[in-house]
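Model, not experiment: these values are computed from the prediction.
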Amino acid sequence: ASVNYATTNYEKQNLASRYNPQLNAQSIRTSSVSYSRSIPEAKLNLSSSFNISQNMRDSTLSLTLPSLNISVSRIYPFKRKKGVGDERWYEKIAFTYSGSLSNSITDKEDHILHTDLFRDWKNGMKHSIPVSASFTAFKYINVTPSFNYTSRWYSYRVDQSWNEQTMSVQRDTVFGFNRVYNYNLAVSANTKLYGFYQPLIGKKVQMIRHVFTPNVSYSLAPDFSDSRYGFYKSYTYTDAQGEVRTVDYSPYTGSMYGVPGKGRSGTINMDVSNNVEMKVLSDKDSTGVRKISLIDELGASMSYNTAATAKPWSNLTTR
């Protein structure tokens, strides 16, 4: 805890503050209290904080009460406590969890106690649950599917409409429980291919090894601006030239944890990596041989956007 708090009235009456230039110049005061707890047996970590920022010149308070973070480390929910035989495919499925909650407000010092928690404070909760697994296909190919889900909980939304009488945008705050979520699917596959070459001439070079690592991944996410989700809305109006205009907006813009982006996404990423080493005889090494790197890394990558209507291929990047 680090607390440095005083009311504005106290500062006005405090002679030491009034005639001390250093204290008088301290227009911003900050206070914070934090707490953290780890529960290893439950794989749970908790942290919370309470923060105040005071502007002594205009008696404005910025208050966060509380800011809470929760995380759960990797859990295998389907793993047997007593495994018999080979591991089942579903036992490799794992997930983690992270959540956060925040509740904040900025207002005058004498108004804070009279505010409504849901109507005046800016608050929200966010939950992130990534699920993944790792399998081996055809003995040599590593396949990793994953699913990422993020949910945001808000206590209000701001609807917009066009007011013909005032010729301006009208904003209406609607209070209630709102869930704004997004998710994406992904799968990746990679393997390693080894090539060995032993020179026919000379005995100093024992072996040359080439490691080729290809990697392919695919990710997919729907368009969360679609009307069935309700995360984006629109209104129309007629401008001064008589043309009808349509304005798209999100009722959750400016909320604590934002809103999912627009547009469907589907990307195929391709990457190859090469590494070349050779093993030579050496009197300086205790094993009698020494490894020399000929090519540390020679790679290339590019991607294909399945959702793009033009120029779906990315540039080819080499390294």
Side-chain angles (χ1 to χ4, degrees), residues 36-47 68-101 125-153 179-196 209-224 229 257 260-261 264-275 277 296-297 299-307 314 317 319:
S36 63
R37 172 90 185 272
S38 177
I39 309 175
E41 60 271 18
K43 297 186 176 182
L44 183 65
N45 292 288
L46 303 170
S47 63
L68 176 66
N69 294 286
I70 304 172
S71 66
V72 178
S73 55
R74 189 174 298 274
I75 292 177
Y76 294 85
F78 306 113
K79 188 177 285 292
R80 293 168 294 175
K81 293 183 178 179
K82 295 182 178 180
V84 179
D86 296 335
E87 187 179 33
R88 312 290 170 81
W89 67 268
Y90 53 82
E91 294 185 82
K92 298 179 180 180
I93 299 175
F95 78 91
T96 61
Y97 169 82
S98 62
S100 57
L101 177 149
M125 292 186 68
K126 182 180 180 181
H127 312 272
S128 298
I129 307 175
V131 182
S132 64
S134 182
F135 308 102
T136 302
F138 308 108
K139 293 184 179 181
Y140 304 110
I141 302 176
N142 301 313
V143 180
T144 305
S146 62
F147 172 78
N148 296 287
Y149 175 80
T150 301
S151 179
R152 308 160 185 82
W153 294 358
R179 182 170 67 97
V180 182
Y181 62 89
N182 65 286
Y183 56 84
N184 67 76
L185 296 164
V187 61
S188 65
N190 68 79
T191 189
K192 287 183 180 293
L193 301 175
Y194 296 88
F196 296 92
R209 187 186 72 169
H210 174 209
V211 182
F212 176 69
T213 307
N215 191 317
V216 179
S217 64
Y218 177 64
S219 61
L220 175 67
D223 183 5
F224 291 100
Y229 294 105
Y257 300 106
R264 183 176 70 90
S265 67
T267 306
I268 301 174
N269 294 296
M270 294 157 284
D271 182 273
V272 294
S273 174
N274 295 272
N275 173 271
E277 293 181 339
D296 286 329
E297 169 69 13
S301 63
M302 67 187 310
S303 63
Y304 181 83
N305 187 352
T306 60
S314 71
T317 303
R319 61 186 183 276

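How far CG of Leu101 is from CD1 of Ile70: 8.0 Å, rounded to the nearest 0.5 Å. The CG atom of Asn215 sits 6.0 Å away from the OG atom of Ser188 when rounded to the nearest 0.5 Å. With rounding to the nearest 0.5 angstrom, the CG atom of Asn190 is 9.5 Å from the CD1 atom of Ile141. Summarising the geometry, atom OH belonging to Tyr257 is positioned 12.5 Å from atom CH2 belonging to Trp153; distances are rounded to the nearest 0.5 Å. If you take CG on Asp271 and CG on Asn269, they are separated by 8.5 Å, rounding to the nearest 0.5 Å. For the atom pair Met302 CE and Ile268 CD1, the distance stands at 11.5 Å (nearest 0.5 Å).
Scanning both residues, His210 and Asn274, for their nearest heavy atoms gives NE2-OD1, 2.8 Å. Of all non-hydrogen atoms in Ser265 and Ala307, the two that sit nearest each other are CA-CB, 4.2 Å. Residues Ile93 and Ala133 come closest through the heavy atom pair CA-CB, 3.9 Å. The shortest non-hydrogen separation linking Phe224 to Tyr183 is CZ-N, 3.2 Å. Scanning all heavy atoms of the two residues, the minimum distance from Ala300 to Arg319 falls at N-NH1, 3.8 Å. For the residue pair Val72 and Ala42, the shortest heavy atom distance occurs at CG1-O, 4.5 Å.
No more than 12 heavy-atom neighbours from other residues, nucleotides or ligands sit within 6.0 angstrom of CZ on Arg37. At most 12 non-hydrogen atoms from other residues, nucleotides or ligands lie less than 6.0 angstrom from CZ of Phe138.
Asn275 meets the side-chain hydrogen bond (donor to acceptor under 3.5 Å, both in side chains) test with no other residue; sequence neighbours excluded. Applying the side-chain hydrogen bond (donor to acceptor under 3.5 Å, both in side chains) test to Thr96 and every residue at least two apart in sequence or in another chain returns nothing.
Judged by distance alone, with hydrogens and angles left aside, the side-chain atoms of Ser303 form no donor-acceptor pair with the main-chain N or O of Thr267 at under 3.5 Å. No donor-acceptor pair closer than 3.5 Å links the side chain of Ser273 to the backbone N or O of Thr213. For Thr191 (side chain) and Tyr140 (main-chain N/O), a donor-acceptor pair under 3.5 Å exists by modelled atom type. Looking only at distances, a side-chain donor or acceptor of Glu91 sits under 3.5 Å from a matching main-chain atom of Arg80.
Contact check for Val180 versus Pro260: side-chain heavy atoms found under the 4.5 Å cut-off. Between Arg264 and Leu220 there is a side-chain heavy-atom pair separated by less than 4.5 Å. In this structure, the side chains of Lys92 and Ser134 stay at 4.5 Å or more apart for every pair of heavy atoms. Side-chain contact check for Phe78 versus Trp89: every heavy-atom pair is 4.5 Å or farther apart. Within the 4.5 Å cutoff, side-chain heavy atoms of Asn182 are placed close to those of Arg152. Looking at Phe95 and Phe147, their side chains never come closer than 4.5 Å, going by heavy atoms from C-beta outward.
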Would you sort out whether Arg74 and Lys43 count as a side-chain contact (heavy atoms from CB on, under 4.5 Å), showing the intermediate values?
CA-CA 8 Å; Arg74 189 174 298 274; Lys43 297 186 176 182; 5.8 Å; no
Go through the steps for Ser38 and Asn45 under the test side chain to side chain donor-acceptor pair (under 3.5 Å), then give the verdict.
CA-CA 5 Å; Ser38 177; Asn45 292 288; 3.1 Å; yes
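Tyr304 and Tyr218 have their aromatic ring centers separated by at least 6.0 angstrom.
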